[in-house]
Amino acid sequence: MESCTNMLTSRTGETEAATKTVAVVGLGYIGLPTAAILATNGLDVIGVDINPRTVEAINNGDVPFVEPDLGIHVAGAVSQGRLRAQLETPRADAYIVAVPTPFKPDKSADMSYIASAARAIAPKLSGGELVILESTSPPGSTRRLADLILDLRPDLSLDGQDDKPMLLVAHCPERVLPGRIMIELVTNDRVVGGLTPEASEAAAALYAVFCQGEIHLTDAATAEMSKLVENAYRDVNIAFANELSVISDNLNIDVWELIRLANHHPRVNILQPGPGVGGHCIAVDPWFIVAADPENSPLIRTAREVNDGKPGYVVEQVSKAVSDLDRPVIACLGLAFKANIDDVRESPALEVVRRVATLHANAEILVAAPHKNRLPEVLAEIPNVRLVETDAATEAAQVVVLLVDHDKFREIEPASLEGKRLIDTRGFWR
Ligand code: SAJ
């Protein structure tokens, strides 16, 4: 078996057991940017993904989704020979697991992708490697990942017991904001929680290669929970804004003006209402806390329910707006879960379009989605939905529903909206 002890100098100047070759398992919104930034900072990076099209695209220097500046990093790293992608998990000094953790119908986490990553990594280990779980996961997941590997590799240990070679296992949750990933990867602080102090130190040394923020060391369970708590905090605050928007509609108050004024108070900072909360993070992670302690998490659960209820409220508004029209044409602007990206995971905009189209089979739904060149499958199979250019959508429609505040929609001429019924879920045209 190959040895995996290399030298790398941490930010404190100490030399640590370290890393030359990193395997990043899962080349999605987090794995690929992390792989690219490690590669452009001088490490040899092998990206692993189960999707052959993703692997092929990356090896051609292409990026299979929209994220500012990621393309330049990937193309540069691939052309320098520092980054390549493959289907097989290789031998490496360090492994970063960045696979999805979707939730199951009962809202608990589906750990099957993490389990398959563990099964693929286990046979490649010689001892001394670092395995980092980056996927957002419920408390206890890093321990489970380590147990899965050690079940397959009883010749290794976490602490060198019985002279067995050590495996360093840590959690380091990603905290980057889609749309700003390449900036925040470098500038954000990181929380690193090892199953052992040695694992924390080794993981911190690896992130120090590119991270200019502070790296905070803790234990694995606290690191796991810190990530969930950050997103639950934001979810609760967005739920407050969304609840205010419904109350304000009932009281005939402009919610955006209301929030703007309230935020003049030095200790008030209310977030913005919208059509709901989407994405694979804030709409998912709070459920992991609820699943971990259902009895003691009523606030976190209710916030999720308030935000999940918002698309239904928007659909009701659309239904009211078309109630006196025979064969209405409805323009739906945007499908992504937020501005200037193409990601539609858990997107409330997509959900609104799907429900409106199904509920109003007599209506024509014209979707404008500047970052998409075809409709997502769930919409493509509905006969009264079409993807068109923004101008064509607004021109033909009697009702215009603004779902995503993409910069591109700033180009819409105000005159082209005159006389139309507008439902502005983001306060975009205020
Ligand atoms: N949203 C609102 N009103 C707001 C802010 C957001 O309705 O005032 C909506 C957005 O439209 C979107 C959803 O919330 O549908 C989530 O968007 P976001 O921009 O708040 O967050 P994400 O999901 O893109 O990224 C979050 C970030 N977490 C926090 O800000 C605490 C990011 O730092 C995390 O790394 C990311 O989740 C993640 O991967 O967990």
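Whatever order the structure lists ligands and atoms in, that order sets their numbers, starting from 1. Nothing here was measured: the structure is a model prediction, and the numbers come from that model. Hydrogens, waters and symmetry mates are skipped; everything else that's a heavy atom, side chains included, is used.
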Among protein heavy atoms, which sits nearest to [atom], and what does the distance come to when rounded to 0.1 Å?
atom	value
atom 30 (O) of ligand 1	Arg234 CD, 3.2 Å
atom 33 (O) of ligand 1	Arg175 O, 2.7 Å
atom 16 (C) of ligand 1	Gly278 O, 3.7 Å
atom 3 (N) of ligand 1	Gln272 O, 2.6 Å
atom 24 (O) of ligand 1	Lys338 NZ, 2.9 Å
atom 37 (O) of ligand 1	Cys281 CB, 3.2 Å
atom 1 (N) of ligand 1	Ile238 CD1, 3.5 Å
atom 31 (C) of ligand 1	Asn231 OD1, 3.2 Å

Are any of the N/O atoms on [X], whether in the backbone or the side chain, positioned under 3.5 angstrom from an N/O atom of ligand 1?
X	answer
Glu230	no
Phe337	yes
Glu184	no

| said: Over 60° means perpendicular and under 30° means parallel, so tell me whether Phe65 and Tyr29 are parallel, tilted or perpendicular. | reply: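 Aromatic pair Phe65/Tyr29 classed tilted.
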I'd like to know if [X] pairs up with [Y] as an ion pair, taking the criterion as any Lys NZ or Arg NE/NH1/NH2 lying under 4.0 Å from an Asp or Glu carboxylate oxygen.
X	Y	answer
Arg53	Glu56	no
Arg355	Glu351	yes
Lys20	Asp44	no
Asp106	Lys104	no
Glu174	Arg190	no

| request: Check whether any heavy atom of Val277 sits under 4.0 Å from an atom of ligand 1. | output: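 So Val277 counts as touching ligand 1.
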| task | Could you tell me whether Lys107 sits above the aromatic face of Phe103, with NZ or CZ closer than 6.0 angstrom to the six-membered ring centre and within 45 degrees of the axis? | result |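 Yes.
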| Under the 6.0 Å and 45° cation-pi test, does Arg426 pair with Phe409? |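 Geometry flag: not set, cation outside 6.0 Å or 45°.
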| query | ligand 1 versus Arg426, non-hydrogen atoms closer than 4.0 Å: side chain, backbone, both, neither? | reply |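 The answer is the side chain.
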| Quick one: does ligand 1 sit under 4.0 Å from the side chain of Lys227, the backbone, both or neither, non-hydrogen atoms only? |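 It is the side chain that touches ligand 1; the backbone stays farther off.
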| field | Leu32 to Pro64 - nearest heavy-atom pair and separation | value |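 Looking at all heavy atoms of both residues, the shortest contact is CD2-CD, 3.9 Å.
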| message | Could you report the tightest heavy-atom contact between Asp49 and Leu27, atom names first, then the distance? | response |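 Looks like OD2-N, 2.8 Å.
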| query | So between Glu174, Arg345, Arg180, whose heavy atom ends up nearest atom 39 (O) of ligand 1? | reply |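 Checking each option, the heavy atom nearest atom 39 (O) of ligand 1 is found in Glu174.
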| field | From the candidates Leu177, Asp405, Val176, the one that places a heavy atom nearest atom 34 (C) of ligand 1 | value |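 Of the listed residues, Val176 has the closest heavy atom.
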| Considering only heavy atoms of Leu271, which atoms of ligand 1 have at least one such atom less than 4.0 Å away? |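 That gives atoms 8 (O) of ligand 1.
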| said: Could you tell me, atom by atom, which parts of ligand 1 come under 4.0 Å of a heavy atom of Pro178? | reply: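 In order of numbering, the contacting atoms are 22 (P), 24 (O), 25 (O).
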| request: Please identify each residue that fulfils side chain to side chain donor-acceptor pair (under 3.5 Å) with Thr222, with sequence neighbours left out. | output: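 Partners of Thr222 by the side chain to side chain donor-acceptor pair (under 3.5 Å) criterion, ordered by chain and then number, come out as Asp219.
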